[in-house]
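Every chain is numbered from 1 and lettered A, B, ... according to where its sequence line falls, protein lines coming before strand lines. Because only heavy atoms are used, hydrogens play no part in the values below, and waters and symmetry mates are left out as well, while side chains stay in.
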2 protein chains.
Amino acid sequence: MASRAKATILDIAREAGVSKSTVSLVLQGSGLIRPETATKVRKAIEDVGYVYNRGAANLRKAHSNVIGMVINDLTNPFFAELAVGMERVFQAAGVVPFIANTAENPVRQEEVLKSMMEQGVAGLIVSPARGTMPGAFRRIEAAGVPVVFAMRRLPESRIPAIAPDNRRGACLATEHLIRKGHRRLAFFGGSSDLVVYQERLGGFLEACEAFAIPVVDRTIVEGETSRKGGMACLETALAMPEPPTAALCFNDAVAFGVILALRKRGLEAGADFAVVGFDDVAEAEHYSPGLTSVAVDTAGLGERAAHVMLKMIQSRTTRAEDHIGAVSLVVRESSGPDRSSQMGDAA
Amino acid sequence: MASRAKATILDIAREAGVSKSTVSLVLQGSGLIRPETATKVRKAIEDVGYVYNRGAANLRKAHSNVIGMVINDLTNPFFAELAVGMERVFQAAGVVPFIANTAENPVRQEEVLKSMMEQGVAGLIVSPARGTMPGAFRRIEAAGVPVVFAMRRLPESRIPAIAPDNRRGACLATEHLIRKGHRRLAFFGGSSDLVVYQERLGGFLEACEAFAIPVVDRTIVEGETSRKGGMACLETALAMPEPPTAALCFNDAVAFGVILALRKRGLEAGADFAVVGFDDVAEAEHYSPGLTSVAVDTAGLGERAAHVMLKMIQSRTTRAEDHIGAVSLVVRESSGPDRSSQMGDAA
DNA sequence: TTGATTTATTGGAACGTTCCATTTATAGCG
DNA sequence: CGCTATAAATGGAACGTTCCAATAAATCAA
């Protein structure tokens with residue numbers, strides 16, 4: 001069936017009885033060639049089972065149409081959603097994003113970035129792994145490849161970042177808890193090596209300050225940003241002499257963990273302890289109880305990041321403005337009764 | 001700071017005072033060059049901020065070290081886990097997998113596959129989008145690029161597939177429901193254009209047959225493989241004159257939807273209606289109630305697929321054996337009380 | 001010393017494209 | 001009919017690697 005060695009532009013030229021240049025022109029859809037010739041060439045392409053060699057082309061053209069997306073945790077649905085938002089934009093622009101996962105591992109991240117650079121990507125959208133060193137992107141910047149950070153940023157970096165308004169979101173959520181009447185508040189999960197953590201914690205503290213919550217009534221428990229981490233945080237907090245009655249969680253995964261741990265103790269989120277999450281993943285709505293969470297419009301941020309990237313590529317610059325996405329609080333049951341309700345649930 | 005035009009092997013050669021061939025040798029870690037020379041060259045590489053151009057290299061070498069992973073729905077945590085399993089294996093082999101999402105869209109899939117082929121991938125691991133045409137992979141096979149299907153297969157294709165034992169899993173789950181005393185059973189979600197659906201439904205029917213469940217007592221409701229689809233399935237089924245008392249769901253997402261819909265009606269999964277899922281995603285364990293589900297060892301299948309792929313590349317063949325992964329039923333609360341408590345199926 | 005052997009290094013010809021500068025064919029105009 | 005203007009097609013020189021065959025330098029055997 002198929003030829004052993006892979007067909008090249010020259011094979012097509014021979015097959016169609018034209019020159020390689022003509023084939024090349026057809027391939028890039030130039031209007032310079034006569035329609036009949038183009039048809040003839042296209043038929044030949046089909047016949048020989050030709051596969052375009054982008055590597056060879058890039059050798060001359062110098063800018064590819066692939067964009068790399070480097071994500072720190074693909075199993076987190078939050079990041080998958082981000083990816084989906086970006087893809088929507090790129091698809092329309094005829095760009096194929098290649099995704100790679102770093103599994104929150106800076107060493108792996110280095111490998112992945114290297115591989116993408118070698119592949120000649122036109123740009124890189126990155127959600128950096130925790131513990132990324134400040135200089136990790138110096139080489140890439142030096143090579144003139146545009147980079148955009150999504151969701152996370154690095155401490156002192158000039159790379160543009162697209163992220164939600166973490167501080168404001170946390171502030172909003174904390175206010176909500178305070179207005180519900182809570183006076184002993186906790187912030188659960190995350191760790192201070194993440195800029196995002198500092199922003200969210202900052203918002204939490206800002207609201208505490210604004211409502212004059214004394215420092216002793218603010219409990220801050222760092223922990224893994226996972227269900228397990230959330231469970232641990234709750235245990236730690238409840239073991240305290242004056243335990244908090246409400247918690248803002250670093251993200252939804254932590255919040256789910258807290259709800260789970262409450263249930264294990266025979267307590268119910270909402271009724272016995274108020275829980276608020278962050279990110280508003282799809283699951284938050286369907287959880288039981290529904291999780292009050294800060295919605296960050298993940299897919300929208302993905303789209304925005306993709307747009308910024310495209311613009312940077314187009315204007316061949318390596319700099320762009322940060323973009324802070326609007327946030328909103330989605331109130332559900334986990335943060336306490338809407339009225340003074342009872343759920344009809346008797347078995 | 002960095003040079004405007006990107007550095008090549010020749011720039012390094014000049015910088016280090018050697019020939020380009022020497023630099024090339026150093027780059028591929030050949031033992032032929034004197035250690036001191038190698039060091040000198042490596043320093044030059046560092047100094048000029050050189051980025052290896054794999055496209056150019058592939059022009060001669062003809063086999064790249066990138067493997068494409070084409071996945072039909074990245075937002076499904078199930079597939080993300082699959083991806084993670086593969087990555088583990090590839091990383092050890094020094095291969096970087098590039099992931100792309102087709103969003104269950106055959107047209108998009110075509111674009112993505114084309115792009116990957118153009119990029120010169122060494123192999124492709126694919127979970128084909130629903131509605132993929134039988135001939136969709138003919139060109140790729142003809143080009144001699146090894147392809148492995150993961151989780152899903154195409155109706156009449158010679159491409160090796162790595163998938164769980166769907167039939168047996170469904171059979172196991174159905175038996176479980178029957179032993180619990182259920183006599184009117186449903187199969188919820190999915191649609192018959194998927195081979196996986198046919199296998200799972202087949203297992204369901206096989207168990208029904210074995211336990212002599214009459215055909216009238218088997219309810220089959222096709223539907224979207226999502227929470228929403230699951231909710232719709234339950235509504236349809238409960239509207240019937242003699243509604244089922246238990247359901248095997250096409251996957252966990254459908255099962256979660258069913259549980260949700262039950263709750264909306266004031267019913268509780270487990271107590272009032274038995275629900276079993278398929279895939280045993282991480283969330284199944286943490287759901288409320290815990291979801292009984294068929295565990296398929298997703299990450300293990302990913303690893304297996306990656307191994308098969310590596311072997312195919314190594315032995316430059318495009319054929320391999322199918323691999324059917326073992327499954328097991330994980331019993332939790334959603335399928336009813338552990339003890340043989342009689343459930344009256346009069347609602 | 002000479003030649004043979006081993007060890008390091010090097011030029012040059014690919015690889016499959018693109019793109020510029022030409023060439024060739026076609027048409028238009030007086 | 002010759003001339004120019006336009007349209008269509010073409011050859012050749014890059015692009016950044018690898019790899020073979022060839023060279024140069026160092027070592028050894030006699």
Detail all sub-3.5 Å separations between protein N/O atoms and N/O atoms belonging to nucleotides 11-16 of chain D.
{"from": "D/dG11", "atom 1": "N7", "to": "A/Ser21", "atom 2": "OG", "distance (Å)": "2.9"}
{"from": "D/dG11", "atom 1": "O6", "to": "A/Ser21", "atom 2": "OG", "distance (Å)": "3.0"}
{"from": "D/dG12", "atom 1": "N7", "to": "A/Lys20", "atom 2": "NZ", "distance (Å)": "2.9"}
{"from": "D/dG12", "atom 1": "O6", "to": "A/Lys20", "atom 2": "NZ", "distance (Å)": "2.5"}
{"from": "D/dG12", "atom 1": "O6", "to": "A/Ser21", "atom 2": "OG", "distance (Å)": "3.4"}
{"from": "D/dA14", "atom 1": "N3", "to": "A/Arg60", "atom 2": "NH1", "distance (Å)": "2.7"}
{"from": "D/dG16", "atom 1": "N2", "to": "B/Ala56", "atom 2": "O", "distance (Å)": "3.3"}

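Here D/dA8 presents its C1' atom at 8 Å from CG of A/Leu32, a figure rounded to the nearest Å. Remark: C1' of D/dA9 and CG of A/Leu27 are 16 Å apart, rounded to the nearest angstrom. A straight line from CG of B/Asn58 to P of C/dT17 spans 13 Å, rounded to a whole angstrom. Atom CZ in B/Arg34 sits roughly 11 Å away from atom P in D/dT27 (whole-Å rounding). Rounded to whole angstrom, the span from the CZ atom of B/Arg14 across to the P atom of C/dG11 amounts to 13 Å.
Take A/Arg14 and apply the side-chain contact (heavy atoms from CB on, under 4.5 Å) test, not counting sequence neighbours, and it matches A/Asp11.
In terms of modelled atom types and a separation under 3.5 Å, the side chain of A/Thr39 and the main chain of A/Pro35 share a donor-acceptor contact.
Closest approach to the B/Lys61 side chain among D/dC19, D/dT10, D/dA9 is made by D/dC19 (side chain taken as heavy atoms from C-beta onward).
The aromatic ring centres of B/Phe149 and B/Phe137 sit less than 6.0 Å apart.
Salt bridge annotation for A/Arg319-A/Glu141: absent, with no cationic side-chain nitrogen under 4.0 angstrom from a carboxylate oxygen.
Residue A/Thr37 has a polar side-chain atom (N or O) positioned under 4.0 Å from OP1 or OP2 of D/dA9. Side-chain nitrogen and oxygen atoms of A/Gln28 include none within less than 4.0 Å of the OP1 or OP2 phosphate oxygen of C/dT17. Phosphate proximity of C/dT17 to A/Ser24: absent, as no side-chain N or O sits under 4.0 Å from OP1 or OP2.
The residue A/Leu25 sits close to a base: some heavy atom pair falls under 4.0 Å.
Among the candidates B/Glu111, B/Glu110, B/Glu118, the single residue satisfying the salt bridge (Lys or Arg N to Asp or Glu O under 4.0 Å) test with B/Lys114 is B/Glu118.
Counted by atom type alone, B/Ser24 and B/Gln28 present one or more donor-acceptor pairs between their side chains at under 3.5 Å.
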